[in-house]
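Everything on this sheet refers to the single structure shown next.
Everything quoted here is computed from the prediction, not taken from an experiment. Lettering of chains follows the sequences in order, A, B, ..., and the numbering in each one begins at 1.
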Amino acid sequence: MRKGVRNWGPPLLLVSPTILILGIFVYGLIAANIQVSTTNRHSLSPQSEFVGLENYLALLSEDRFLHSLFNLVVFTVVFIAGTMLFGFIWAWMLDKGVNAEGMFRSVFLFPMAISFVASGVVWRWLLNSAEGDRASGLNRIFETLGLGFLQNAWWNEPIWGMAAIAMPAIWQLSGYVMALFLAGFRGIPQELREAARMDGASEWKLYRFVVFPQLSPIALSALIIVSHMSLKVFDLIMSVTGSIYQTEVPATYMWVTLTSNDYAKSATIATILLLLASLFIIPYLIQTWRSEKADR
Amino acid sequence: MRKRRLSLIAGAALAGLALAGCSPAGGSTDDGNANQVEVFTWWASGSEKVGLDALVSVFDEQNPDVDFTNAAVAGGAGSNAKAALASRLEANNPPDTFQAHAGAELTDYIEAGQLQDLSSFYEENGLNEALPPTLIDQLTSDGKIYSVPSNIHRANVTWVNVEVLESAGIDPNVAPADMDAWIDDLTELKDSGVETPLSLGTEWTQMQLFENVLIADLGAEGYTGLWDGTTAWDGPGVATAVDHYDQLLDFVNTDYAGLDWDAATQLVLDGNAGYNVMGDWAEAAFVQAGQTYGTEYTTWATPGTEGVFDFLADSFTLPEGAPHEAAAIDWLTTVSSAEGQKAFNIAKGSIPARTDAIASDYPAYQQTALKSFGEDTVVSSLAHGAAAASSWSADLSSAIGRFGVDRDGDALIAATVSAASSALG
């Protein structure tokens, strides 16, 4: 018995601060948040009653919230497609062998070192929607290059404006996806490619049947990481446009309701965001768990 | 041996965690000393900081034995400070006094029982006589007053570029009589080749323009009635205002949603736009650019709002359970005194709430504002927290932002009706 304690006691003691902190500040607060979302605490005053799922039903039937979800979907789709596409192309080109590979790797990876807030301030100017004489940023570049017809309102576009906000995010994270894919390419043994070539596989078939299947776990991880970042997007939008209706996503809507003291509503939005994120994360965790078990 | 070292490290980690939990909250003051006052504001930079410093020096003069603690929280035009304040109030750890927009924005604190009634303070200090009666009306909630205004700003001011108007043959010194007349002038300006007759900025400036149109079309009484339910949001007055606002949006810069107020005002300053509706803090921008009132730029009350003063004010409160209540009352006394108001407002560029201020102490624009504040009907600004509780104005802000995208007047009216019904209960 005493031997047993000696065996598992110290490791448990060692992880207990982490367990305690995570327990209180992550899971405890998630529980508190869910509890608030089931009350009618719509003001500062602490008195509240249990109202069940009323807040959720009200929110999901609200035009404004649906608009913010739509914005989020547009942003997420463009952002994921953009980062995966550029990340893959860059990794593929680097893998083909270029001079000064290290330099290109750093150049592509560097934007990730900048915070969304800092790059948001720059992109706020680049994506300025003024056209003609008062144009600045990208519109000004188009104008001086004689490509004036390319000028557009960017995020000021009523329906697809969120796609413009995804541009800075793509610029920042494509390099990261590239690094993941590059590691994936490098992990494929040269022998496999040589064997395929010996068997007379064309370049396309080599990629289709040898390289891509080996890259799919990497692609999945990249997809999960990028998509959960997209669900949480807040800082980028706040620094490019501020919290306005046109570019509202659930995270900025949550901030607005919190600062106007509607605690129940902001807790409800937070819970919905958490559920959305877990839609992506949980299948990923299950998949990792399964593959780890298979390895053992 | 290795095991033991491991458990030692683990034990140390736990002990560190426990110690961290015991350390006192940062920034707390020595509670034993009654002669101190902790003042919570979001005045951390620029003219606001200068104004606060001026106010503090008057306070130190009047109360040499009371220590002043500045608990200013910077950033986000007060939103960071409000969030920090909410958590302090929630934890029953209020500052001795905190800054808040006067008027309806205090509703949340009042309903939560977090503020003390200052009616008797007003009587003792003769503030009921010193402040204009229409302002007292706007500050009173259920017969009680919860805050002491330190400074007043005006939100229904139209800033005019004299040269732009004159070259289009419009007399810049005569304000159009009403919204329709103004829209005629705007049309004339546009026809003469000015691309953006009226400049506009991000969501709250749109809300401020909309509130100006509401005042113009409903009159002072009708507009004030919107906030207590006596004027219907789906009535004909609001419909006219929405229609006028819709027409005004035809004259604005296309990139307005991305511009902050100062960038929008800059358009008038640079002669790229003829008009801009903005609060009187814009005065500082014109002065800094070296322009002269009356020759390069001029101002009038937004067309149709002549005789109405659309006010917003910063004010100080006395929280329930303030640790140093006597010192906090000293602070409020300084804030409301003629001397304190003069020092603060000259530095910040606003006007004092007291009617006994001497106009000649102030610069030219402030003199005109002082004059109208004394004579005009005072109404509360929506965009700046005086007219509606914060959740109500957040709803309206979003509805107005949406209107800028879809220009659907019926949807805007429906949204304002539902915002009013959820706010008024």
Side-chain angles (χ1 to χ4, degrees), chain A residues 6-7 9-18 20-21 24 42-47 58 62-64 67-68 124-125 127-137 139 153-159 161 238 240-248 253 255-263 265, chain B residues 2-11 13-14 16-18 76 78-80 82-83 86 89-90 107-114 195-196 202-204 206 253-260 267 270 272 389-395 397-406 411 414-415 422:
Chain A
R6 285 197 162 199
N7 260 339
L12 182 69
L13 206 58
L14 199 61
V15 294
S16 59
T18 323
L20 207 66
I21 290 175
I24 295 171
H42 297 294
S43 76
L44 278 176
S45 78
Q47 293 89 355
E62 192 188 85
D63 277 353
R64 184 177 172 189
H67 169 257
S68 76
R124 177 190 174 91
W125 172 77
L127 297 178
N128 190 302
S129 62
E131 292 173 28
D133 292 342
R134 285 183 40 250
S136 63
N139 281 351
W154 302 110
W155 56 263
N156 235 338
E157 208 66 53
I159 296 177
M238 290 299 274
V240 176
T241 72
S243 66
I244 59 173
Y245 174 82
Q246 253 163 294
T247 57
E248 192 164 74
Y253 189 13
W255 183 83
V256 171
T257 51
L258 179 70
T259 48
S260 58
N261 301 325
D262 194 340
Y263 293 139
K265 194 169 183 175
Chain B
R2 234 185 105 248
K3 278 267 163 63
R4 181 175 301 162
R5 201 178 302 152
L6 203 61
S7 27
L8 261 179
I9 295 171
L14 259 190
L17 193 65
S79 53
N80 293 356
K82 284 175 204 163
L89 293 175
E90 173 99 22
T107 317
D108 288 343
Y109 303 116
I110 296 169
E111 280 172 2
Q114 289 165 334
E195 206 180 315
T196 50
T202 191
E203 213 163 274
W204 69 263
Q206 298 158 33
N253 41 308
T254 51
D255 59 336
Y256 63 85
L259 296 186
D260 212 345
L267 291 179
D270 294 343
N272 286 322
S390 40
S391 57
W392 191 358
S393 55
D395 285 350
S397 172
S398 163
I400 292 161
R402 177 178 177 176
F403 182 75
V405 182
D406 64 14
S422 70

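By the 6.0 Å contact criterion, CD on B:E195 is open, its count of non-hydrogen atoms from other residues, nucleotides or ligands being 12 or less.
The contact between A:W155 and chain B is made entirely by side chain atoms (from C-beta outward), counting heavy-atom distances below 4.5 Å. Heavy atoms of A:A153 lying under 4.5 Å from chain B are absent altogether. Heavy-atom distances place no part of A:T247 under 4.5 Å from chain B, backbone and side chain included. For B:D406, no part sits under 4.5 Å from any heavy atom of chain A, backbone or side chain. With a 4.5 angstrom heavy-atom cutoff, B:Q206 does not touch chain A via any of its atoms.
Interface summary for chain A: among B:S393, B:S391, B:A389, the most heavy-atom pairs under 4.5 angstrom belong to B:S391. Options A:L12, A:I159, A:T259, A:N156 differ in how many heavy-atom pairs under 4.5 Å they form with chain B, and the most are formed by A:N156. For the set A:A130, A:P158, A:G242, the count of heavy-atom pairs under 4.5 angstrom toward chain B peaks at A:A130. When each of B:L89, B:T107, B:T202, B:L267 is checked for heavy-atom pairs under 4.5 Å with chain A, B:L267 comes out on top.
Heavy-atom minimum distance, B:S398 versus A:R64: OG-NE, 3.1 Å. Closest approach of B:A86 to A:Y263, counting heavy atoms only: CB-OH, 3.5 Å.
Between atom OG1 of residue A:T241 and atom CD of residue B:E203 there is a gap of 9.5 Å, rounded to the nearest 0.5 Å.
Of the options A:L44, A:N261, A:V256, a side-chain contact (heavy atoms from CB on, under 4.5 Å) to B:S390 is made by A:N261 and by none of the others. Of the listed residues (B:N253, B:L259, B:D255), just one forms a side-chain contact (heavy atoms from CB on, under 4.5 Å) with A:S129, and that residue is B:D255.
In this structure, A:R124 contributes its side chain and B:G258 its backbone to a donor-acceptor pair below 3.5 Å.
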